[in-house]
K.L.:
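Supplied in structure tokens, the structure appears directly below.
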2 protein chains.
Amino acid sequence: MEGSGRDSGNALLFLTDEQLRKGIEAMFFAYRGFTADPDRILAGMAYGRAHHRAVHFIHRSPGTTVNNLLAILGVTKQSLNRVLRALVEDGLVRNEVGRRDKRERHLYLTEAGEDLERRLSDAQRDRMRTAYRAAGPEAVTGFRQVLEAMMDGEMRKRYDALKELKG
Amino acid sequence: MEGSGRDSGNALLFLTDEQLRKGIEAMFFAYRGFTADPDRILAGMAYGRAHHRAVHFIHRSPGTTVNNLLAILGVTKQSLNRVLRALVEDGLVRNEVGRRDKRERHLYLTEAGEDLERRLSDAQRDRMRTAYRAAGPEAVTGFRQVLEAMMDGEMRKRYDALKELKG
DNA sequence: ATAATACGTCAGCTTTGTTGACATTCCAAG
DNA sequence: CTTGGAATGTCAACAAAGCTGACGTATTAT
């Protein structure tokens, strides 16, 4: 039970097409796992992944505006509005007219919203934690490095902006 | 090379909720980048991500059956059939009745199919390569370790099965 | 002979994205 | 104060890609 391929021969072996393909497939299958648990929770209710994302980022940046959320999620306002309307109607999200700029709507989770967020992120964090623990701290560092290098320019900015908030 | 583990205080810092949240968000934004380039290519044609996935796995395992593909992609046959029909009609995928079991249809890419596959995977590989190069070989190892630990059981099996093919 | 498997297909539904058009509210510049 | 543009909300129509359920047809297995 041995080395399972230490790439020690060629220093650039990790850049071969084969290695890249493996990375691509790993990304595909892993993303499945990444979303599987929240998806299961949401399946029963009338919600989907889009609702999860909205709830996540509102929880993360309470008081964020619709436009902000739009840019982070990278969808159209019509698409987001549908999701947001459902969440507001169901009492998970609260809508507050801006004090300084009354055109803006600031978004907050209600208690029920925070409850759902917690259920979803607990499930997702559990999987992430298990994966992190199995891989170890150095692997985690590498994981994050590769992911950050893989982001699109615009998304990378958003990610960095988020990092500054609580990071 | 073992040195990682036992910094008494912070040894488990990578398992805090904050660290896990960062990982979750990195995964979200990175997946955006991961699919962005193929999406752009496919946008013009009448194809989408589903066609890309089908083409990818047929290229990767030529002669695979419909059932096989179904299990790898984790979708219903109706959903896959819609995609496959379009690809066959457009002459990108070839359909061959099984020699041993005539119920099975073995799937192959035509030359046009291989062309598209190459265009798509070149784009995706380029981004992956850039990310790999920026992060370095050790980061890549960690990246893969975390991803593999994040997969669902069933998907993990499929991923491992694929690995053995060209491993 | 019968049951199970592999595949295709029809019909209908859901989620989540898209455009385009249009109204409202409001800030800010002239 | 008027007006242009920004931020938001909403309507309608549509598309991609998933789903369930039902049914048909070869083919293979029992």
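Every chain is numbered from 1 and lettered A, B, ... according to where its sequence line falls, protein lines coming before strand lines. In this text, all values refer to a predicted model and were calculated from it rather than measured experimentally.
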K.L.:
side-chain contact (heavy atoms from CB on, under 4.5 Å) for A:Ser61 and A:Asn68? Distances and angles first, verdict last.
P.N.:
CA-CA 10 Å; A:Ser61 308; A:Asn68 248 321; over 6 Å; no
K.L.:
Which heavy atom of B:Gly23 sits nearest to which heavy atom of A:Leu147, and what is that distance?
P.N.:
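Here B:Gly23 and A:Leu147 meet closest at O-CD1, 4.5 Å.
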K.L.:
Looking at B:Asp101 and B:Arg103, would you say the former's side chain and the latter's main chain have a donor-acceptor pair under 3.5 Å?
P.N.:
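Pair found, side chain donor or acceptor close to backbone of B:Arg103.
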K.L.:
Is the side chain of B:Thr16 donor-acceptor paired with the backbone N or O of B:Gln19 at a distance under 3.5 Å, no angle test?
P.N.:
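A pair under 3.5 Å: yes.
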K.L.:
Tell me, please, the opening and closing nucleotides of DNA chain C, 5' to 3', among those with an atom under 4.0 angstrom from a non-hydrogen atom of chain A.
P.N.:
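Range of nucleotides touched by chain A: C:dT15 to C:dC27.
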K.L.:
List the atom pairs, with distances to 0.1 Å, where a side-chain N or O of residues 106-114 of chain A and a protein N or O form a donor-acceptor pair under 3.5 Å, not counting sequence neighbours.
P.N.:
from: A:His106; atom 1: ND1; to: A:Gly63; atom 2: O; distance (Å): 2.7
from: A:Thr110; atom 1: OG1; to: A:Gly91; atom 2: O; distance (Å): 2.5
from: A:Thr110; atom 1: OG1; to: A:Leu92; atom 2: O; distance (Å): 3.3
from: A:Thr110; atom 1: OG1; to: A:Ala112; atom 2: N; distance (Å): 3.4
from: A:Thr110; atom 1: OG1; to: A:Gly113; atom 2: N; distance (Å): 3.2
from: A:Glu114; atom 1: OE1; to: A:His59; atom 2: ND1; distance (Å): 2.8

K.L.:
For a quick test of your reading: what N or O donor-acceptor pairs under 3.5 Å do the side chains of residues 25-47 of chain B make, sequence neighbours left out?
P.N.:
from: B:Glu25; atom 1: OE1; to: A:Arg60; atom 2: NE; distance (Å): 3.1
from: B:Glu25; atom 1: OE1; to: B:Arg21; atom 2: NH1; distance (Å): 3.3
from: B:Glu25; atom 1: OE2; to: A:His56; atom 2: NE2; distance (Å): 2.9
from: B:Glu25; atom 1: OE2; to: A:Arg60; atom 2: NE; distance (Å): 2.7
from: B:Arg32; atom 1: NH1; to: A:Leu73; atom 2: O; distance (Å): 3.1
from: B:Arg32; atom 1: NH2; to: A:Leu73; atom 2: O; distance (Å): 2.3
from: B:Thr35; atom 1: OG1; to: B:Tyr31; atom 2: O; distance (Å): 3.2
from: B:Thr35; atom 1: OG1; to: B:Arg32; atom 2: O; distance (Å): 3.3
from: B:Thr35; atom 1: OG1; to: B:Arg49; atom 2: NH2; distance (Å): 3.3
from: B:Asp37; atom 1: OD1; to: B:Arg40; atom 2: NH2; distance (Å): 2.8
from: B:Asp37; atom 1: OD1; to: B:Arg127; atom 2: NH2; distance (Å): 3.1
from: B:Asp37; atom 1: OD2; to: B:Arg127; atom 2: NE; distance (Å): 2.9
from: B:Asp37; atom 1: OD2; to: B:Arg127; atom 2: NH2; distance (Å): 3.3
from: B:Asp39; atom 1: OD1; to: B:Arg49; atom 2: NE; distance (Å): 3.3
from: B:Asp39; atom 1: OD2; to: B:Arg49; atom 2: NE; distance (Å): 3.2
from: B:Asp39; atom 1: OD2; to: B:Arg49; atom 2: NH2; distance (Å): 2.6
from: B:Tyr47; atom 1: OH; to: B:Asp90; atom 2: OD2; distance (Å): 2.3

K.L.:
Would you please name every residue forming a side-chain hydrogen bond (donor to acceptor under 3.5 Å, both in side chains) with B:Arg94, sequence neighbours left out?
P.N.:
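Checked B:Arg94 against side-chain hydrogen bond (donor to acceptor under 3.5 Å, both in side chains); matches are B:Glu96.
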K.L.:
Under 3.5 Å, is there an N or O donor on one side and an acceptor on the other linking the side chain of A:Arg103 and the base of D:dA6?
P.N.:
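Such a pair exists between side chain and base.
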K.L.:
Within less than 4.0 Å of OP1 or OP2 of D:dG18, is there a side-chain N or O belonging to B:Thr76?
P.N.:
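For D:dG18, neither OP1 nor OP2 has a side-chain N or O of B:Thr76 closer than 4.0 Å.
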K.L.:
Is A:Asp122 salt-bridged to A:Arg119, cutoff N-O under 4.0 Å?
P.N.:
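Answer for the salt bridge query: no.
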K.L.:
Among residues 63-73 of chain B, which ones have heavy-atom contacts with DNA chain D below 4.0 Å?
P.N.:
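Result for residues 63-73 of chain B: none.
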K.L.:
Write out a two-atom table: protein N or O, nucleotide N or O from nucleotides 21-25 of chain D, distance below 3.5 Å.
P.N.:
from: D:dG21; atom 1: N7; to: B:Gln78; atom 2: NE2; distance (Å): 3.4
from: D:dG21; atom 1: O6; to: B:Gln78; atom 2: NE2; distance (Å): 2.7

K.L.:
How many whole angstroms separate atom CZ of B:Arg105 from atom C1' of D:dT28?
P.N.:
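Taking CZ of B:Arg105 and C1' of D:dT28, I get 13 Å after rounding.
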K.L.:
Residues of residues 79-87 of chain A with any non-hydrogen atom less than 4.0 angstrom from an atom of DNA chain D: list those, numerically ordered, please.
P.N.:
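A:Asn81, A:Arg85 - these, ordered by number, are the residues of the stretch whose heavy atoms sit under 4.0 Å from the strand.
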K.L.:
Can you sort out which residues in residues 37-55 of chain A have a heavy atom within less than 4.0 Å of DNA chain D? Ascending by number, please.
P.N.:
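By residue number: none to list.
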K.L.:
The criterion is side-chain contact (heavy atoms from CB on, under 4.5 Å); which residues satisfy it with A:Gln145, sequence neighbours excluded?
P.N.:
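Applying side-chain contact (heavy atoms from CB on, under 4.5 Å) to A:Gln145 gives A:Thr141, B:Ala135, B:Ala139.
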K.L.:
Which residues pass the side-chain hydrogen bond (donor to acceptor under 3.5 Å, both in side chains) test with A:Asp115, sequence neighbours left out?
P.N.:
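Per chain and number, A:Asp115 pairs via side-chain hydrogen bond (donor to acceptor under 3.5 Å, both in side chains) with A:Arg118.
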K.L.:
Answer yes or no: is there a side-chain heavy-atom contact under 4.5 Å between B:Thr64 and B:Phe57?
P.N.:
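No; the side chains remain at least 4.5 Å from each other.
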K.L.:
Of all residues at least two apart in sequence or in a different chain, which pass the side-chain hydrogen bond (donor to acceptor under 3.5 Å, both in side chains) check with A:Asp126?
P.N.:
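Only A:Arg129 meet the side-chain hydrogen bond (donor to acceptor under 3.5 Å, both in side chains) criterion with A:Asp126.
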K.L.:
Hey, are A:Arg144 and A:Glu148 close enough for a salt bridge, meaning a charged N less than 4.0 Å from a carboxylate O?
P.N.:
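Yes, this pair counts.
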K.L.:
Go through the structure and list residues passing side-chain contact (heavy atoms from CB on, under 4.5 Å) with A:Gln78, not counting sequence neighbours.
P.N.:
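A:Thr76.
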K.L.:
Distance-only, no hydrogens or angles: does the A:Ser79 side chain make a donor-acceptor pair with backbone N or O of A:Val75 under 3.5 Å?
P.N.:
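Between the backbone of A:Val75 and the side chain of A:Ser79 there is no qualifying donor-acceptor contact (under 3.5 Å).
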K.L.:
Specify the residue among A:Val97 and B:Glu104 whose closest nucleotide of DNA chain C lies further upstream toward the 5′ end.
P.N.:
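Mapping each residue to its closest nucleotide by heavy atoms, the 5'-most match is B:Glu104.
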K.L.:
Rounded to whole angstrom units, what separation is found between the NE2 atom of A:His106 and the P atom of D:dA7?
P.N.:
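Value for this atom pair: 12 Å.
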K.L.:
Take the protein atom CG of A:Asn95 and the nucleotide atom C1' of D:dT10, then report the distance between them rounded to whole Å.
P.N.:
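Distance, rounded to whole Å: 14 Å.
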K.L.:
Under 4.0 Å between a side-chain nitrogen and a carboxylate oxygen: does that hold for B:Glu89 and B:Arg85?
P.N.:
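Salt bridge: no.
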